[in-house]
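In what follows, residues are counted from 1 in the order of the sequence shown.
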Amino acid sequence: GARPCSPKYFGRDAIVCVCNATYCDTLDPVVLPAPGTYVKYESSKAGKRLERSEGSFQRSLCAPDLVLTVDTTQQYQKVKGFGGSITDAAALNILSLPETAQDHLLRSYFSEEGLEYNLVRLPMASCDFSLYAYTYDDVPFDYELTHFSLRDEDTKLK
């Protein structure tokens, strides 16, 4: 990326890139490559962090360890976008950061200098990353939803 990873090691080859109030790694804006070419971003345990490289497609190239076939006449579904999930745990962790670190973190996900996420998934009620199990209406047969209410986790965290 444009700003390299500030690594923190957790042993056994576990590494994360630190984002805090003074530093967060970023990317250069993503630009579509010219027809017939590609851009590759690579991360690795050896220290690569979204390292950018370019290449061009070649017809009938034989590589012993890689075969990539692109059939440009075959189209599948359209991709609406990319993103992540904001669970109770994610929200609690984001909100535990200093405000400037929160800003850096969210920019690293949603800005042009970051991953450019454009979608977010929010679980309805609790999920496996909640502090406890809850629903919006625990009253049996309440078809009119008279006991429906959002929880603080939904209105204050997410």
Side-chain angles (χ1 to χ4, degrees), residues 1-131 136 150-151 153-158:
R3 296 186 72 190
C5 175
S6 175
K8 182 173 183 176
Y9 299 93
F10 289 93
R12 304 185 103 203
D13 295 330
I15 181 176
V16 296
C17 293
V18 175
C19 182
N20 57 36
T22 59
Y23 179 85
C24 204
D25 53 318
T26 60
L27 296 174
D28 293 324
V30 177
V31 178
L32 288 176
T37 66
Y38 64 87
V39 174
K40 175 180 74 172
Y41 291 91
E42 185 178 357
S43 296
S44 71
K45 288 181 182 178
K48 290 182 181 178
R49 171 72 174 145
L50 296 170
E51 185 176 290
R52 185 180 193 276
S53 63
E54 300 177 13
S56 60
F57 292 105
Q58 300 176 20
R59 296 191 185 280
S60 302
L61 174 68
C62 291
D65 59 342
L66 175 68
V67 176
L68 175 65
T69 304
V70 179
D71 182 354
T72 58
T73 64
Q74 181 71 283
Q75 293 186 1
Y76 297 96
Q77 72 271 13
K78 292 183 179 182
V79 176
K80 281 190 170 191
F82 295 91
S85 180
I86 302 293
T87 62
D88 297 359
L92 284 167
N93 282 307
I94 292 169
L95 291 172
S96 73
L97 298 171
E99 207 168 303
T100 51
Q102 290 178 34
D103 185 58
H104 281 249
L105 178 65
L106 294 174
R107 285 180 185 278
S108 74
Y109 281 116
F110 296 101
S111 75
E112 286 185 4
E113 300 84 33
L115 297 173
E116 296 187 67
Y117 277 8
N118 61 346
L119 296 173
V120 173
R121 180 181 63 83
L122 293 172
M124 293 180 65
S126 67
C127 71
D128 51 346
F129 292 106
S130 296
L131 296 176
Y136 295 138
L150 294 176
R151 300 291 181 113
E153 288 78 7
D154 298 297
T155 58
K156 294 180 181 172
L157 296 180
K158 296 181 275 189

> What pair of heavy atoms forms the shortest contact from Ser85 to Arg121, and how long is it?
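Minimum heavy-atom separation between Ser85 and Arg121: OG-NH2, 3.0 Å.
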
> Does CZ belonging to Phe129 count more than 12 external heavy atoms closer than 6.0 Å?
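No, the 6.0 Å shell around CZ holds no more than 12 heavy atoms from other groups.
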
> Other residues, nucleotides and ligands only: do more than 12 of their heavy atoms fall within 6.0 Å of CZ on Arg107?
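Not more than 12 within 6.0 Å, no.
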
> Do the side chains of Asn20 and His104 get nearer than 4.5 Å, heavy atoms only?
no

> Could you pull out the closest heavy-atom pair between Cys127 and Thr87, with the gap in Å?
SG-CG2, 3.9 Å

> How far apart are the closest heavy atoms of Ser130 and Asp88, and which atoms are they?
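So the minimum-distance heavy-atom pair works out to OG-OD2, 3.0 Å.
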
> Aromatic ring centroids of Tyr117 and Tyr109 under 6.0 Å?
yes

> Using every non-hydrogen atom in the two residues, find where Ile86 and Pro123 come nearest and quote the distance to one decimal.
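So the minimum-distance heavy-atom pair works out to O-CD, 3.3 Å.
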
> Surrounding CD of Glu99 (heavy atoms of other residues, nucleotides or ligands, distance under 6.0 Å), is the total greater than 12?
no

> Looking at Thr37 and Ala34, would you say the former's side chain and the latter's main chain have a donor-acceptor pair under 3.5 Å?
yes

> State, with a plain yes or no, whether a side-chain heavy atom of Leu115 is found less than 4.5 Å away from one of Phe82.
no

> Just wondering, do Leu131 and Leu92 contact through their side chains at under 4.5 Å, heavy atoms?
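Yes, at least one pair of side-chain atoms sits under 4.5 Å.
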
> Are side-chain heavy atoms of Asn118 and Phe110 found at a separation under 4.5 Å?
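No, side chains not in contact.
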
> How close do Ser111 and Glu116 get, counting heavy atoms only, and between which atoms?
O-CG, 3.2 Å

> Hey, is the main chain of Leu97 close enough, under 3.5 Å, to the side chain of Gln102 for a donor-acceptor pair?
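Yes.
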
> Taking atom CZ of Arg151 and atom CG of Leu157, what is their separation to the nearest 0.5 Å?
13.0 Å

> How many angstroms lie between atom NZ of Lys40 and atom CD of Glu51, to the nearest 0.5 angstrom?
8.5 Å

> On a heavy-atom basis, which atom in Asp71 and which in Thr73 lie closest, and how many Å separate them?
OD1-OG1, 2.5 Å

> Okay, side chain of Asn93, backbone of Ala89: is any donor-acceptor separation there less than 3.5 Å?
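Yes, Asn93 side chain to Ala89 backbone: donor-acceptor pair under 3.5 Å.
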
> Does Leu119 CG have over 12 foreign heavy atoms under 6.0 Å away?
yes

> Is atom OH of Tyr41 surrounded by more than 12 heavy atoms (other residues, nucleotides or ligands) closer than 6.0 Å?
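Enclosed.
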
> For the residue pair Phe57 and Tyr38, categorise the inter-ring angle as parallel (less than 30°), tilted (30 to 60°) or perpendicular (more than 60°).
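Because their plane-to-plane angle lies in the 30° to 60° range, the rings of Phe57 and Tyr38 count as tilted.
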
